[in-house]
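First up is the structure itself, then whatever we jot down about it.
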Amino acid sequence: MKHRMQAKPGGKVINISSVHEELPFPYFNSYCASKGGVKMLTRHLSIELAPLGITITTSPRELSKTPINTKLLNDPVKLTRCSENIPLKRLDKPEDVAPMAAFLASSESDCATGTTFFVDGGLTWNYQEQ
């Protein structure tokens with residue numbers, strides 16, 4: 001922290017997280033706890049880093065093609081049910097997340113800090129465990 005205080009002020013931290021910072025995911029307790037931890041770390045650091053002109057935000061994704069979802073992604077019935085649970089009716093793609101990250105990295109978001117910007121197709125507010 002001392003080194004950072006001597007460096008040029010300002011900067012951005014963008015954490016890419018998961019909707020499971022808010023939503024339960026049965027049998028993945030450690031995963032959900034770690035994502036909830038990222039959310040709280042973002043909130044705490046936003047206060048600590050603000051005097052240095054550094055903002056910090058989180059952008060959670062929804063169901064993505066990652067190893068934790070391999071079983072679901074390979075089960076067409078479950079995948080269809082899950083996709084139907086997403087108001088936009090589709091999984092996110094990297095090109096959905098990249099523009100949000102670009103916005104959060106830009107000067108247009110200079111007043112946004114300690115908060116979460118969901119890129120989840122509406123899943124967070126329409127979630128039903130499958």
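Computed from a prediction, not measured in an experiment: that's the story for all the values here.
Contact between Leu104 and Ser109 at its shortest, heavy atoms only, is O-OG, 2.8 Å. Closest of all the heavy-atom pairs between Cys82 and Leu72 is SG-CD2, 4.1 Å.
Under the 4.5 Å side-chain heavy-atom criterion for grouping Ile, Leu, Val, Met, Phe, Trp and Tyr, Phe118 is connected to Ile86 within one hydrophobic cluster.
To the nearest 0.5 angstrom, Leu79 atom CG is 10.5 Å from Arg81 atom CZ.
Residues Asp120 and Asp92 have side chains not in contact (no heavy-atom distance under 4.5 Å, counting atoms from C-beta outward). Using a 4.5 Å heavy-atom cutoff, the side chains of Arg61 and Val97 are in contact. No side-chain heavy atom of Ile54 sits less than 4.5 Å from a side-chain heavy atom of Thr113.
Not counting sequence neighbours, the partners of Lys12 by the salt bridge (Lys or Arg N to Asp or Glu O under 4.0 Å) test are Asp110. In this structure, Ser34 has no side-chain contact (heavy atoms from CB on, under 4.5 Å) partners at least two apart in sequence or on a different chain. Legend: residues meeting side-chain contact (heavy atoms from CB on, under 4.5 Å) with Ile47, ordered by chain and number and at least two apart, are absent. Lys39 pairs by the side-chain hydrogen bond (donor to acceptor under 3.5 Å, both in side chains) definition with Glu22, not counting sequence neighbours. Thr116 meets the side-chain hydrogen bond (donor to acceptor under 3.5 Å, both in side chains) test with Glu21; sequence neighbours excluded. Remark: Tyr31 engages Ser18, His20, Phe25, Phe28, Lys35, Ile68 in a side-chain contact (heavy atoms from CB on, under 4.5 Å) (not counting sequence neighbours). Residues satisfying the side-chain contact (heavy atoms from CB on, under 4.5 Å) test with Val38, not counting sequence neighbours, are Asn15, Ser17, Thr42, Thr58. Ser59 pairs by the side-chain hydrogen bond (donor to acceptor under 3.5 Å, both in side chains) definition with nothing, not counting sequence neighbours.
Cluster note: Met40 groups with no other residue, as no ILVMFWY side-chain heavy atom lies under 4.5 Å from it.
Listed by first and then second residue, the salt bridge (charged side-chain N to carboxylate O under 4.0 Å, His left out) pairs involving residues 93-106 are Arg90-Asp96 (not counting sequence neighbours).
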